[in-house]
Number of protein chains: 2
Amino acid sequence: MPSTAPKAASRPDVADLLCFAIYSTGHAFNRVYKPLLDELGLTYPQYLVMVALWAEDDQTVGQIGDRLFLESSTLTPLLKRLETLGFLTRSRDPEDERQVRLRLTDKGSSLRKKARDVGACIGEATGLQMEAAVKLRNEITKLRGHLMKAAK
Amino acid sequence: MPSTAPKAASRPDVADLLCFAIYSTGHAFNRVYKPLLDELGLTYPQYLVMVALWAEDDQTVGQIGDRLFLESSTLTPLLKRLETLGFLTRSRDPEDERQVRLRLTDKGSSLRKKARDVGACIGEATGLQMEAAVKLRNEITKLRGHLMKAAK
DNA sequence: TGCGATTAGATCGCGCACGATCTATATTCA
DNA sequence: TGAATATAGATCGTGCGCGATCTAATCGCA
């Protein structure tokens with residue numbers, strides 16, 4: 001059975017698809033974030049990496065990848081850009097030379113303060129109360145779980 | 001106020017963010033779609049354009065852009081690829097030479113039959129009943145409306 | 001101990017996605 | 001009518017995002 005229902009007997013359009021709602025809302029989030037993150041000199045994926053490191057410093061590339069569901073082929077160049085920007089350092093773990101450890105620089109840590117209002121601005125832009133936002137987030141996260149199980 | 005709530009007094013992580021739920025679920029959808037669309041020779045954005053044209057043939061680049069919320073800088077190369085693949089034709093409208101009209105070829109039209117089960121497979125992968133999927137889609141679409149208003 | 005298998009990142013090619021800018025056509029209205 | 005303006009796409013540069021592949025380090029186990 002289809003994931004969404006067309007309004008009438010006509011052919012389904014993109015607007016009927018749940019996947020398109022997700023897809024286009026992701027872009028919409030990006031457009032709201034852009035001017036805010038431009039102030040910080042970050043792109044949205046870079047911002048996510050910084051949030052992950054602000055939550056817990058000194059993680060490996062693999063750990064960040066697990067949290068953000070991204071491959072090393074995506075992360076490596078992104079992390080090099082963050083390193084060039086001076087927000088973090090990348091260095092091989094002496095205990096296991098295969099791993100690369102990511103550590104915030106002072107500049108990277110202090111950026112957190114400047115990023116304070118970003119979350120607030122985004123929260124406002126959603127037009128949702130905190131409770132509704134949490135509820136929606138949980139439903140979408142559950143959906144993601146199903147999809148990831150389906151994709152093996 | 002923040003759009004999401006951290007579980008405790010610790011620093012918020014990416015998993016707490018509504019935007020990240022959307023972002024990562026979009027990727028998860030893509031991973032489920034990939035093997036199905038590979039059969040058709042389409043990428044996911046290309047598939048969306050085809051869905052839009054199956055719903056209504058002979059649209060302009062601008063109309064497709066309005067429906068998918070994409071810029072011409074994204075669509076022009078994508079549409080050229082669909083043209084090269086033989087699924088549609090691009091031609092200037094004689095009534096208004098600024099516009100480019102997109103028309104399905106026979107190959108493009110008949111692809112619709114082959115794409116029939118894709119929707120069903122995706123529906124299953126969501127783990128949602130039709131009703132729940134529609135409800136969630138509507139909530140996310142509403143969220144997109146708020147975000148787009150905020151991004152002016 | 002040493003060799004095959006596994007793991008962690010890095011590299012490469014391709015296709016989005018967008019902002020900035022350019023060209024060509026169409027519209028407006030002085 | 002003709003010059004200023006507006007509109008529709010196209011082009012270009014940058015940064016994801018991923019599959020496929022590569023390299024180097026570690027592990028497993030005979």
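Quick note: numbers below take in every heavy atom, side chains included, and nothing from hydrogens, waters or symmetry partners.
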Chemist: In this structure, how many angstroms lie between the P atom of C/dA17 and the CZ atom of B/R81, rounded?
Modeler: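 These atoms are roughly 10 Å apart.
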
Chemist: Should A/T43 be listed as having a side-chain N or O under 4.0 Å from OP1 or OP2 of D/dC16?
Modeler: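 For D/dC16, OP1 or OP2 has a side-chain N or O of A/T43 closer than 4.0 Å.
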
Chemist: Closer to the 5' end of DNA chain C via nearest nucleotide, is it A/V100 or A/H27?
Modeler: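 Between the two, 5'-proximity favours A/V100.
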
Chemist: By the 4.0 Å heavy-atom rule, please label A/L75 as base, sugar-phosphate, or nothing.
Modeler: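 Since no nucleic acid heavy atom lies under 4.0 Å of A/L75, the category is nothing.
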
Chemist: A/D93 or B/Q99: which one's nearest nucleotide on DNA chain D is closer to the 5' end?
Modeler: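 It is B/Q99, whose closest nucleotide lies nearer the 5' terminus.
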
Chemist: Is the distance between the ring centroids of B/Y44 and B/F29 less than 6.0 Å?
Modeler: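 When the ring centroids of B/Y44 and B/F29 are compared, they turn out to be at least 6.0 Å apart.
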
Chemist: Can you tell me if B/R103 and B/Q59 form a side-chain donor-acceptor pair at under 3.5 Å?
Modeler: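 There is no such pair (donor and acceptor under 3.5 Å, judged by atom type) between the side chains of B/R103 and B/Q59.
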
Chemist: Let me spell it out: for each of A/T76 and A/K34, pick the nucleotide of DNA chain C with the closest heavy atom. Which residue's pick is nearer the 5' end?
Modeler: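 Taking each residue's closest nucleotide, the earlier one in sequence belongs to A/T76.
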
Chemist: Could you tell me whether A/R90 and A/E83 have a side-chain N and a carboxylate O separated by less than 4.0 Å?
Modeler: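 Yes, A/R90 and A/E83 are salt-bridged.
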
Chemist: Might you point out which heavy atoms bring B/A28 and A/R144 nearest each other, and give the distance in Å?
Modeler: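 For B/A28 versus A/R144, the nearest heavy atoms are CB-CG, 4.1 Å.
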
Chemist: In whole angstrom, what separates A/L79's CG from D/dG17's P?
Modeler: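 My rounded result for the distance is 12 Å.
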
Chemist: Counting just side-chain N and O atoms, does A/R98 come under 4.0 Å of either OP1 or OP2 of C/dT6?
Modeler: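 Result: no.
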
Chemist: Would you say a side-chain N or O of A/K80 is under 4.0 Å from OP1 or OP2 of D/dC16?
Modeler: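 Answer is no, no contact under 4.0 Å.
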
Chemist: Is B/E139 salt-bridged to B/K135, cutoff N-O under 4.0 Å?
Modeler: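 Result for this pair is yes, salt bridge flagged.
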
Chemist: Check the distance between D/dT11's P and B/L78's CG and give it to me in whole angstrom.
Modeler: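 From B/L78 CG to D/dT11 P: 14 Å.
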
Chemist: Let me know the distance between CG of A/D66 and C1' of C/dA8, rounded to the nearest Å.
Modeler: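 These atoms are roughly 11 Å apart.
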
Chemist: Of the nucleotides C/dC18, D/dA25, D/dG17, which has the atom closest to the A/D96 side chain?
Modeler: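 The answer is D/dA25, which lies nearest to the side chain.
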
Chemist: When we call it a touch if two heavy atoms are under 4.0 Å apart, what does A/R90 touch: a base, just sugar-phosphate, or nothing?
Modeler: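 Here A/R90 touches the backbone only, sparing every base.
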
Chemist: Roughly, in whole Å, what's the span from CD in A/E97 to C1' in C/dA10?
Modeler: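 The answer, rounded to whole Å, is 15 Å.
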
Chemist: Round to the nearest Å and state the distance from A/Y23 atom OH to D/dG17 atom C1'.
Modeler: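 The distance from OH of A/Y23 to C1' of D/dG17 comes to 13 Å, rounded to the nearest Å.
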
Chemist: Could you tell me the separation between the CZ atom of B/R92 and the P atom of C/dA24, rounded to a whole number of Å?
Modeler: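 Atom-to-atom, B/R92 to C/dA24, this comes out as 11 Å.
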
Chemist: Just the rounded figure in Å: distance from P of D/dC27 to CD of A/E95.
Modeler: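 From A/E95 CD to D/dC27 P: 11 Å.
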
Chemist: Is any side-chain N or O of B/Q63 closer than 4.0 Å to OP1 or OP2 of D/dA8?
Modeler: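 Answer is no, no contact under 4.0 Å.
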
Chemist: Answer yes or no: does a side-chain N or O of A/S73 lie under 4.0 Å from OP1 or OP2 of C/dG9?
Modeler: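 Indeed not, no polar side-chain atom of A/S73 lies that close.
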
Chemist: Is any side-chain N or O of A/T60 closer than 4.0 Å to OP1 or OP2 of C/dA8?
Modeler: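 It does not, given that no N or O in the side chain of A/T60 lies less than 4.0 Å from OP1 or OP2 of C/dA8.
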
Chemist: What's B/N30 touching, base or sugar-phosphate or nothing? Going by heavy atoms closer than 4.0 Å.
Modeler: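 Nothing: the residue B/N30, judged by heavy atoms under 4.0 Å, touches no strand.
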
Chemist: Less than 4.0 angstrom between a side-chain N/O of A/Y44 and OP1 or OP2 of C/dA17, yes or no?
Modeler: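 Negative; the distance criterion is not met.
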
Chemist: Is the phosphate of D/dG9 approached by B/S72 (side-chain N or O, under 4.0 Å from OP1 or OP2)?
Modeler: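 B/S72 to D/dG9 OP1/OP2: no side-chain N or O under 4.0 Å.
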
Chemist: Check the angle between the aromatic planes of A/Y47 and A/W54 and answer parallel, tilted or perpendicular using the 30° and 60° thresholds.
Modeler: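 Perpendicular, since the angle between the ring planes exceeds 60°.
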
Chemist: Please determine if a side-chain N or O atom of A/R31 lies less than 4.0 Å away from the OP1 or OP2 oxygen of C/dC18.
Modeler: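 It does, given that an N or O in the side chain of A/R31 lies less than 4.0 Å from OP1 or OP2 of C/dC18.
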
